[in-house]
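Structure record follows, encoded as structure tokens.
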Amino acid sequence: AIMKSDDWAANGPYRKAMEVLDGALRMWGPEELALSFNGGKDAVVLLHLVRAAVAGTPWGREAGARSCVRCVYFEEDTFDLVKLFIAE
């Protein structure tokens, strides 16, 4: 839906993020990339962007659009609301 928007403020940053992620996937492949996830808003957005980028690659299509990029989750120093979000 965001790609169909004429609003540059909405789709401009998305397009740039996808270009960066597509470049990283082409250069290194998903097996050489990792995502650090702490459950915060920024990490959730990045997780969805990575999943969208992987879904558009041969690796993503082979995996049924599941992300093949490793994700590391650190539990230390986490806010209670983030812990609740992760548990859900």
Side-chain angles (χ1 to χ4, degrees):
I2 195 167
M3 294 299 289
K4 294 179 182 179
S5 171
D6 291 332
D7 182 7
W8 175 254
N11 68 19
Y14 175 79
R15 288 178 192 264
K16 182 63 180 171
M18 294 306 288
E19 287 175 15
V20 170
L21 290 169
D22 288 340
L25 286 165
R26 276 193 310 274
M27 186 174 293
W28 293 291
E31 60 279 344
E32 295 295 324
L33 298 177
L35 173 67
S36 176
F37 183 80
N38 66 1
K41 292 176 283 201
D42 295 348
V44 171
V45 169
L46 187 55
L47 177 63
H48 286 290
L49 288 171
V50 168
R51 290 185 63 204
V54 169
T57 67
W59 305 287
R61 288 187 290 274
E62 289 171 12
R66 286 187 356 235
S67 176
C68 359
V69 174
R70 286 181 220 129
C71 188
V72 179
Y73 172 63
F74 297 97
E75 294 184 23
E76 296 180 20
D77 299 325
T78 303
F79 295 107
D80 291 337
L81 285 175
V82 171
K83 288 179 185 176
L84 180 63
F85 171 74
I86 296 297
E88 292 176 357

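Since we're looking at a predicted model, the values are computed, not measured. Sequence positions, counted from 1, serve as the residue numbers for this chain.
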Reported [atom1]-to-[atom2] distance for the pair [X] and [Y], which is rounded to 0.5 angstrom:
{"X": "L35", "Y": "L47", "atom1": "CG", "atom2": "CG", "value": "6.0 Å"}
{"X": "N11", "Y": "K16", "atom1": "CG", "atom2": "NZ", "value": "14.0 Å"}
{"X": "E31", "Y": "L25", "atom1": "CD", "atom2": "CG", "value": "9.5 Å"}

Hydrophobic clusters here meaning ILVMFWY residues chained together by side-chain heavy-atom distances under 4.5 Å, can you tell me if V44 and M18 are in one?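 Yes, it is one cluster - the side chains of V44 and M18 are joined through contacts under 4.5 Å.
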
*asked:* Side-chain heavy atoms nearer than 4.5 Å, only ILVMFWY residues, links allowed to pass through others: does that put Y14 and V20 together?
replied: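 Looking at the clustering, V20 is in a separate group from Y14.
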
Practice task
Indicate the atoms forming the closest heavy-atom contact of N38 with A43, along with that distance.
Solution key: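 Heavy atoms of N38 and A43 come nearest at OD1-CB, 3.4 Å.
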
Which pair of non-hydrogen atoms, one from F37 and one from Y73, has the smallest distance, and what is that distance?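 What the structure gives for the nearest pair is O-CD1, 3.0 Å.
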
